[in-house]
Protein chains: 2
Amino acid sequence: MRHADANPDVDQLTLTDVLAALSDPLRVGLVRLMADGAEYTFGEFAVPVAKSTLSHHLKVLNAAGLTWRRDEGTRCYLRLRRDDLDTRFPHLLDTVLAAADRDDVGSHVGNHAGHHVTTP
Amino acid sequence: MRHADANPDVDQLTLTDVLAALSDPLRVGLVRLMADGAEYTFGEFAVPVAKSTLSHHLKVLNAAGLTWRRDEGTRCYLRLRRDDLDTRFPHLLDTVLAAADRDDVGSHVGNHAGHHVTTP
DNA sequence: TAGGTTGTTCGATGTTCACCGAACTTCGAA
DNA sequence: TTCGAAGTTCGGTGAACATCGAACAACCTA
């Protein structure tokens, strides 16, 4: 629930905010993981930073409109806002993801096993 | 001449550096101006910042590989590295420019009249 | 050669950012 | 109801950034 300014409207998104959010390798790694369309929770991201830092990065991604978050009980589910991004900035996400894949940007972000990987 | 680290190699460019360079509205405005493929010098950019600040922003763009610079006498000519960018990060520049045009990002950057506007 | 033009560099300032550990809130489960 | 798990928030730190004015170097031109 926390975080009243979560999930900004599509028309509030700005290009420079999106690009700034994607200018950090760790955040690109997070986005690449979420690119499968599945929902992820905090603990499913295997990142080499403290959990407060991860919380910060996920907040940046959400504020820029890159993720959709849904809180359920004590945990929140995150998912890429691919359709909204595509509407607002056509092809941008695909193009960045393709380049990130080619260069393996943010490969230090992994997926913790034992959690759901299926697209709901 | 100054600036030994100018015009980095294509294979040295990183995605996150390019995105970081494009995460500033003023720099996006500069890139949009140069999108016509012409060469620009310092004084042709009508920007609302001090010339030292403009120098800084143009250095950031060059360091990220977005521009090609050629020094001639007392002035330097800048041009978009469109082909190199397209090779390294296919469609990225076009996609960002299209989004920037739609949103009119960096419109506070103008073109000083009286200078060359023709593609050489 | 004396000036003006062009662009860089140098502090200096205030802001933002990435990062951490620790304290805190919420909630589900035992 | 007590405990642990999931995230958030807070204070703090060092680095990076945007910005300015002023001083500087390089060059062309009158």
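Chain letters run A, B, ... following the sequence lines, proteins first, then strands; residues in each count from 1.
- To the nearest angstrom, C1' of D/dT8 lies 13 Å from CG of A/N62.
- Taking atom CG of residue A/L61 and atom C1' of nucleotide C/dC17, one finds them 14 Å apart after rounding to whole Å.
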Side chain to side chain contact (heavy atoms under 4.5 Å, CB included) assessment of A/V18 paired with A/T14:
CA-CA 6 Å; A/V18 170; A/T14 72; over 6 Å; no
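- Atom CG of A/D71 is separated from atom P of C/dT25 by 18 Å (rounded to the nearest Å).
- Summarising the geometry, the separation between OH on B/Y77 and C1' on C/dT5 is reported as 12 Å, rounded to the nearest angstrom.
- No single ILVMFWY cluster, assembled from side-chain heavy atoms under 4.5 Å apart, contains both A/W68 and A/V96.
- Among the nucleotides D/dA18, C/dA18, C/dG7, the one closest to any side-chain atom of B/H56 is D/dA18.
- Between B/R75 and the phosphate of D/dA25, there is no side-chain N or O to OP1/OP2 separation shorter than 4.0 Å.
- Contacts of B/D94 classified as salt bridge (charged side-chain N to carboxylate O under 4.0 Å, His left out), with partners at least two apart in sequence or in another chain: B/R82.
- When rounded to the nearest whole Å, the span between CG of A/L58 and C1' of D/dT8 equals 12 Å.
- Note on A/T41: a side-chain N or O is less than 4.0 Å away from OP1 or OP2 of D/dG7.
- Taking five base pairs at each end of the helix from C/dT1-D/dA30 to C/dA30-D/dT1, the local helix axes there meet at an angle of 10°, rounded to 10°.
- Partners of B/A50 according to the side-chain contact (heavy atoms from CB on, under 4.5 Å) rule, which considers only residues two or more places apart in sequence or in another chain, are B/S52, B/T53.
- Taking A/T87 as the reference, nothing meets the side-chain contact (heavy atoms from CB on, under 4.5 Å) condition, with sequence neighbours excluded.
- When rounded to the nearest whole Å, the span between NZ of A/K59 and P of C/dC19 equals 15 Å.
- Among the heavy atoms of the strands lying under 4.0 Å from B/H57 are primed sugar atoms or P, OP1, OP2 only; no base atom is included.
- A salt bridge between A/D83 and A/R81 is absent, with no side-chain N of the basic residue lying under 4.0 Å from a carboxylate O of the acidic one.
- Residues that satisfy the side-chain contact (heavy atoms from CB on, under 4.5 Å) test with A/L58, not counting sequence neighbours, are A/L30, A/F42, A/F45, A/L54, A/L61, A/L78.
- The side chain of B/S55 lies closest to C/dT9, out of D/dG7, C/dT9, D/dA6.
- In this structure, B/D17 has no salt bridge (charged side-chain N to carboxylate O under 4.0 Å, His left out) partners at least two apart in sequence or on a different chain.
- Of all nucleotides listed (C/dT8, C/dT6, D/dA18), D/dA18 comes nearest to the side chain of B/D24.
- Separating the OH atom of B/Y40 from the P atom of C/dG7 is a distance of 15 Å, rounded to the nearest angstrom.
- Sorted by residue number, the members of residues 47-54 of chain B with any non-hydrogen atom under 4.0 Å from DNA chain C read B/K51, B/S52.
- The salt bridge (Lys or Arg N to Asp or Glu O under 4.0 Å) contacts involving residues 24-34 of chain A comprise A/R32-A/D101, A/R32-A/D104, where partners must be two or more places apart or lie in separate chains.
- Qualifying salt bridge (charged side-chain N to carboxylate O under 4.0 Å, His left out) partners for A/R102, counting only residues two or more places apart in sequence or in other chains: none.
- Each of D/dT9, C/dG7, C/dA18 was ranked by its minimum atom distance to the side chain of A/R27; first place goes to C/dA18.
- Atom CG of A/L26 is separated from atom P of C/dC19 by 6 Å (rounded to the nearest Å).
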